[in-house]
Amino acid sequence: MSQSTERIGGIYGVAAEFEDAEELLAAVRALRERGYRKLDVLSPFPVHGLAEALGIRRSPLGWAALVAGVTGASAAFLLQWWTGAVSYPLVVGGKPFFAVEPSVPVAFELAVLLASFAAVLGMLALNGLPRFHHPVFAHPRYPAVTDDRFVLVVENDGERFDAVQASEALRATGGEHIQVLEAE
Amino acid sequence: MATVSQPAESPLVLEGVTLTQVTSTVAGVVERRTPRAWWFAFAFTGSLTLVLLAMLTYLVTTGIGVWGNNSPVGWAFDITNFVFWIGIGHAGTLISAILYLFRQRWRTSINRFAEAMTLFAVACAAIFPAFHVGRPWRAYWLFPIPNEWSGMWPNFRSPLIWDVFAVSTYGTVSFLFWYLGLIPDLATMRDRAQTHARRVIYGLLSLGWRGSARHWNHYEMAYLLLAGLSTPLVLSVHSIVSFDFAVSLLPGWHATIFPPYFVAGAIFSGFAMVVTLMVIARWFFGLHHLVTMKHLENMNKVMLATGLIVGYAYAVEFFIAWYSGNPFERFAFVNRALGPYSWAYWTMVACNVLAPQLFWFRRFRTSVPVMFVVSLLVNVGMWFERFVIIVTSLHRDFLPAAWGMFRPTWVDLLTLAGSFGLFLTLFLLFVRFLPMISMSEVKAMMASREGA
Amino acid sequence: MRTAIAVLETSTLTEAGWRRGRNLLATAAVVGWLLALAGFGADPQRFAFSYLVAFLFVTSLGLGALFFVMVQHLSGAVWSVSLRRIAENVMGALPAAFVLFIPVGFNLHRLYEWTHHEAVAADSVLQGKQAYLNVPFFLVRGVAILLLWALLSRLLRTWSWAQDQNPRLAPPTRLSAAGLVLTVLTVTVAAFDWIMSLEPHWYSTVFGVYFYSGSAVGFLAAVILILLGLRRAGYLVREVHVEHYHDLGKWLFGLIVFWAYIAFSQYMLIWYANLPEETAWFRTRTQGAWLPVALLLAFGHFLAPFFALISRASKRNLRQLGLVAAWVLAIHYLDLYWQVMPALDRSGPRWHWLDGATLLAAASTVGLLFWRQLRGRALLPVGDPRLVRSLEFHNV
């Protein structure tokens, strides 16, 4: 395997295909026991229990949405107060220039709008998407990942990474179509 | 927060279906050659859309007077259609968001379909107020953006401006929610693509999704958050639509029950539309093993429940009109039931309150012809509900000297018909080019069933 | 079924413990009623109003329980099975409202302006309402409503107790569906009659929904506290675990938001239209010393619990959840107090020892009925075939 490490860019990792989720979960646990920390799984749907097995922490997106929501509501109150009571005060229907009661609906809508954008854009940012090329796309079984198969990737985690050992480990846990993926 | 736990007699995905069959069934609809029937349907709805365009062009070039609205009935078909379409749009978010939070897994096969319906319904709805402003090329004044009259801002104390914010937020968030759900399925379409063009288009749309576990982790959180945000949003949108009426002093419009009553009515009409369209799509595309009788039955139950809430609101409104002791309130309601528009009122009651009572019986809940007819009746009834609220309250107000009648013009009628054309055209494009059932969610549900 | 039987042995109150609880409640009831009686002698008007608030408070908790149990049956929920029996026991105390209504019935003249002939004679609006607002019809409605609630709670409880012996019993879905329809209608009538007609000129179509949503909030807070109390005493520790509390927290959160939505809509629409006959109600309740109470409601019935429960961690921290539940239950009482009391004290709240005494009397009476059902009976529905799945239930 040494010749591929010398190529420009080096190795991204080693990937193998698994047929079902149970087998995959067992493989992930086994590999983590053997000390492989940088693992990733490609799957057609979120596999229950996989995040825990991979040691992925709970996503912090909720906080981003909360901050965005509070910002949206505050901005809406500010906007309504400034336009209605400062910049363009106009008596309509005998209502005060600014009051909390009629300002709530717009504040609510802007809170939801900003929080939703924070959730979706935050998800894309944290996931590094859009990204149209990725080393895992080179795996011969990749297209099946969005159908019904699972691909487990042992990612290159530095100098001590040995693709042969990783391949062996994957084979031992029942992986098929084991392939070394080159980095871009 | 509840899980449907009915025994296996009525499964959500029929036994023996494999994951890859889900992919091929759903993606196959998009990949197959366009069926001839689709072209016929498209030609028909496309023509109706052209009618809509013609009517709107006529309206803009001639003036708002081509509609039948006139003093005292200043709001008529336009606002009726607006509220009707916005209401239709509520089922999508309800199914996607609220049922998701309540862990009602039966939503999985129908949520994509209903979300798409939401978007198209909101698009149809937005047309009406935008053109009713009279000069639609100035419609951007509704947003707080600096304009040529420097220092002039929208009146935020008006519920009509709240509506602008509510509907545009709703449209945007519904789109985000729908698109978020589509990403993994677009990746599936990309990976199955046989032509270069398809691969590029679906590839760009899928944003390079590769199904990594780390991505799913953030993805699921984002989905949960959007569900959590859309739930109060869907309540707020029709509540704010109801504020358009309820903040006024007009008998028949000013009632504190309007917000929850409008929301229930919106869900009611939205579910009716989902049932109408789903029954057709299921039959036409052969989706019986993914959209089972269980889905249809549950939707009918929701229609029964929301129909009862709507009936409750009719009753309470009537009672309070009497109880208030206000002669104008009393008259407004007596006039609804016995006045010149009583035919519309009783159509509404028959379609919205009486027809869904059939769904107390399982035999009718699980009969496709019965549910199809009832769902059509509810669609009609809910349109009439908005017509009754708007027109009967306006046509006879405080001064008998100012009373009048509203009669729709041919432009009113053709514009309404044309909006159906636009809605159905968008729908046909959707079922032709995008996976109409969420493959990744159905698969996740099947996997968890096997695990359990 | 092995799990269920193992559970049965550890989740029934010991006889000694049960007796201790009963004695405590019985003492509270005796003290409460004696104080209330003394208060009635001293200030019958004040007694009537204080008592009405207490009656509405304890009744609303039972109504919330009835709602919760029927919704669980209708949705076929699994997660809630292990705590359903406790909810049913709160619901099972609802017939107490029938007895507790008697003092209300005898004090109508002190409570309701429309019972005063001279007031009605001088007021054409009240004359118009006489067909509905008259003493005999009011009492007939009250008795019929309370009978219906008592019947529903009995039927649902009987089913549940029968299920302990016969796990194959089909869930009472039809009863719950019909029951829910009837309850919504009768709760509306109750809210109109008992609270809204205190200010007989005022009307709000959403008032029934407002009262019902508050009842559901109160019940959720109460059931969390009851479960945590049993947990501290060593019961239902493994059977009702953090996942169940998490879901109860979600329900509480959702219902608080729903209550706020209804309360805000009602207030905003009346504020905006500014019709004299409608704003009068809110004007009284947001003026003088009532204003701080109204603001406290906005803060304490919505903002504070909203932010306290919004994170996942806070719903799973039993200490924090318990504190929020206790706060919400107290605020629910305040909500009813703020609706009722301004009919008596226009200028501001005049806290009175009778408020506490009548609450003690009413709550301990309901408590006794609740407690009676715990004797020698399992604290969870041991016969329910879904119990095992409920015990294994896990939030995603």
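In what follows, chains carry the letters A, B, and so on, assigned in the order in which the sequence lines appear, proteins first and then strands, with residues in each chain numbered from 1.
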So what's closer than 4.5 Å to chain B heavy atoms on [X]: side chain, backbone, both or neither?
| X | value |
| --- | --- |
| C/E277 | side chain |
| C/I262 | side chain |
| C/L180 | neither |
| C/V257 | neither |
| C/P171 | neither |
| C/V184 | both |
| C/W271 | neither |
| C/S197 | both |

Original post:
Once you round to the nearest 0.5 Å, how far does NE2 of C/H201 lie from CG of B/N326?
Top reply: 12.5 Å
Subject >> Winner by heavy-atom pair count (cut-off under 4.5 Å) against chain C, out of B/P260, B/A313, B/G325, B/A255 >> reply: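 Of B/P260, B/A313, B/G325, B/A255, B/P260 has the most heavy-atom pairs under 4.5 Å with chain C.
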Minimum-distance pair of heavy atoms, taken over all atoms of [X] and [Y]:
| X | Y | answer |
| --- | --- | --- |
| B/W360 | C/A177 | CZ3-CB, 3.6 Å |
| C/K129 | B/Y323 | CE-O, 2.6 Å |
| C/L269 | B/H254 | O-CE1, 3.4 Å |
| B/S158 | C/Y272 | CA-OH, 4.0 Å |
| C/S204 | B/T256 | OG-OG1, 2.7 Å |

Sequence neighbours excluded and cut-off under 3.5 Å, please list the side-chain donor-acceptor pairs for residues 234-247 of chain B, or say none.
residue : atom : partner : partner atom : Å
B/S236  : OG   : A/E109  : OE2          : 2.6
B/S236  : OG   : B/L233  : O            : 2.8
B/S239  : OG   : B/L235  : O            : 2.5
B/S239  : OG   : C/Y261  : OH           : 2.5
B/S242  : OG   : B/S239  : O            : 2.6

**OP:** Side chain from CB out, backbone as N, CA, C, O: work out which of these in B/Y312 comes under 4.5 Å of a heavy atom of chain C, or both, or neither.
**Re:**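 Contact with chain C involves the side chain of B/Y312 alone.
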Subject >> Proximity breakdown for B/S248 and chain C, heavy-atom pairs closer than 4.5 Å >> reply: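 Backbone of B/S248 only, per the 4.5 Å heavy-atom cut-off to chain C.
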Original post:
Which of parallel (below 30°), tilted (30 to 60°) and perpendicular (above 60°) describes B/F319 and C/F192?
Top reply: parallel
**OP:** Name the option with the most non-hydrogen atom pairs under 4.5 Å to chain B; the candidates are C/S80, C/A178, C/A131, C/G128.
**Re:** C/G128
Subject >> Partners passing salt bridge (charged side-chain N to carboxylate O under 4.0 Å, His left out) against B/E329 (at least two apart in sequence or in another chain) >> reply: none
Original post:
Would a 4.5 Å heavy-atom cut-off, applied to side chains only, mark B/F258 and C/S265 as touching?
Top reply: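 They are not in contact (no side-chain heavy atoms under 4.5 Å apart), so the answer is no.
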